[in-house]
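See below for the structure under consideration.
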Amino acid sequence: IIVTGCTGWQGVFGFNRKRVLVALSGGVDSAVAAALLLEKGCEVAGITFQLWEENGAGSSGAPYRTRRAREAAADARRIAETLGISHTVVDLRQPFAEEIIAYFAGEYSSGRTPNPCVICNRKIKFSALLQKARELEYPYTATGHYARVEYGRTQKRYLLKKGLDPDKDQSYMLYNLTQEQLSHSIFPLGKMTKKEVRTRARALGLPAADRKGSQEICFIPGDDYRAFLRRRGVTAAPGPIVDRRGRVLGRHGGIPFYTVGQRRGLGLTAPRPLYVLEIRPADNSIVVGEREELFSSGAELAGLNLIALAALDRELEVSVKIRYRAPAVPALLAPLPQERSASLLFREPQAAVAPGQAAVFYRDDLVIGGGTITAAV
RNA sequence: UGGGGCGUAGCCAAGCGGCAAGGCACGGGACUUUGGAUCCCGCAUCGUAGGUUCGAACCCUACCGCCCCAG
């Protein structure tokens, strides 16, 4: 197994910088990442971020998940002990609530479908990780993500690449990272498969080795984001559900509780399944239609973050992921006049292009960049 | 009371003589660092009782229930 470990980085950063601060989530991946760095002779310290904890009993059947969240730090500590490395816990609940939770609720309230992890990685996790690394004088940071970083000599930029395990690749979630963040990042699992990671974890006797990876949004117990929003007092004014022709088919319980592409939970009767095509905050309506109506030929993006390019100054053939769990599809990426904006034209129409979601574009394994979908075209 | 219509799973709803579509909802599983996305699997003997028929949810009769029109 080849690991993008410290050795590979010495050429770039000099010789005696082998101190790595590893973010330990309490799960297998980050634990193995830390272990691999140790094997490479790095001086490793572990850090765990406390992002969220819901106080008070959740609504239906949430206690299990809630407890899990609370135990994550304890799990991480146990892992650190097993590995024989130091470990600190950093409380980021305040900034997390202000940045991520607020964004999350705000987006849903506006009829968009947020991707909190993408924002969190940039603004919270990697930001705090780098800051802590500086404080503690660790030149490198590492996480258990399935992705790769390289320095591109021709581009003179730090490049993000897909993880080699096609089933686990998490580069999508990292497209929003800054050059600064990438320049310090090591992803020890970038060339490994999940299976290999589990095997290593077992061999190392890591506590979390066989635990099933449960990855709901880290702050949503039981995967019920709607209940979460209600608990946070998100208001929901019921409104009409209409079809493309404007016929009223039913009522919805409030725009925040729906997402483009959604099929379940509409409570409508039709010969064929109905999907949410569009959410219109302007008149508080939700437009539904059949599967075929869900396809769009393109999308508009804002908040562009480029990784492999300094600027997008011409059209570019790329493959793009419209959502995390979707294959990359061919598309034409073109700059738009507005700052950090671009348009995408899919080679084949794509289903459920949801405003708020991230579009990440690639050339082969290389992440070119990404942006937030503002509209389906 | 007379005339007409209807009664299919929790809901909506196909079928109109040959082994009960589909959707919603529900249950289970897969997937999983966004999204009640996606993907699998499960889920009724057809208001009741008879009759006709090799065979009925589909035809006939009676009853029960509901709806509309008439007075």
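Proteins get letters first, then strands, A, B, ... in listed order; numbering begins at 1 in each. Only a predicted model underlies this, so the values are computations on that prediction, with no experimental measurement involved.
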Write down the partner of [N] under the Watson-Crick or G-U wobble criteria, each distance required to be under 3.5 Å.
N: B/C26; result: B/G42
N: B/G71; result: none
N: B/A20; result: none
N: B/C66; result: B/G5
N: B/C59; result: B/G51

Given that A/Gly261 and A/Ala326 both sit by RNA chain B, which one's nearest nucleotide is further toward the 5' end?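 It is A/Ala326 whose nearest nucleotide is closer to the 5' end.
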Under 4.0 Å between any heavy atoms, over every strand shown, what does [X] touch: base, sugar-phosphate, or nothing? Just pick one.
X: A/Tyr258; value: nothing
X: A/Leu274; value: nothing
X: A/Pro271; value: sugar-phosphate
X: A/Tyr108; value: sugar-phosphate
X: A/Lys168; value: sugar-phosphate

Span that lies between the P atom of B/C58 and that of B/G47, in whole angstrom: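 Comparing P positions in B/G47 and B/C58 gives a spacing of 8 Å.
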Expressed in whole Å, how much space separates the P atoms belonging to B/C24 and B/G17?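 One P to the other, the span is 29 Å.
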Between B/U38, B/U34, B/C12, which one does the side chain of A/Met173 approach most closely?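 Nucleotide nearest to A/Met173's side chain: B/U34.
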Could you work out which one of B/G35, B/U38, B/C24 sits closest to the side chain of A/Arg323?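 The nucleotide sitting nearest to the side chain is B/G35.
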Can you check the A/Gln357 CD to B/U32 C1' distance for me, whole Å?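 For the pair A/Gln357 CD and B/U32 C1', the rounded distance is 14 Å.
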In whole angstrom, what separates A/Arg264's CZ from B/G27's C1'?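 Result: 10 Å.
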With a 4.0 Å cutoff (strictly under), does any side-chain N or O of A/Arg263 reach OP1 or OP2 of B/A37?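 A/Arg263 to B/A37 OP1/OP2: no side-chain N or O under 4.0 Å.
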Can you tell me how the ring of A/Tyr324 sits relative to the ring of A/Tyr172, calling it parallel under 30°, perpendicular over 60° and tilted otherwise?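 Rings of A/Tyr324 and A/Tyr172: tilted, 30 to 60°.
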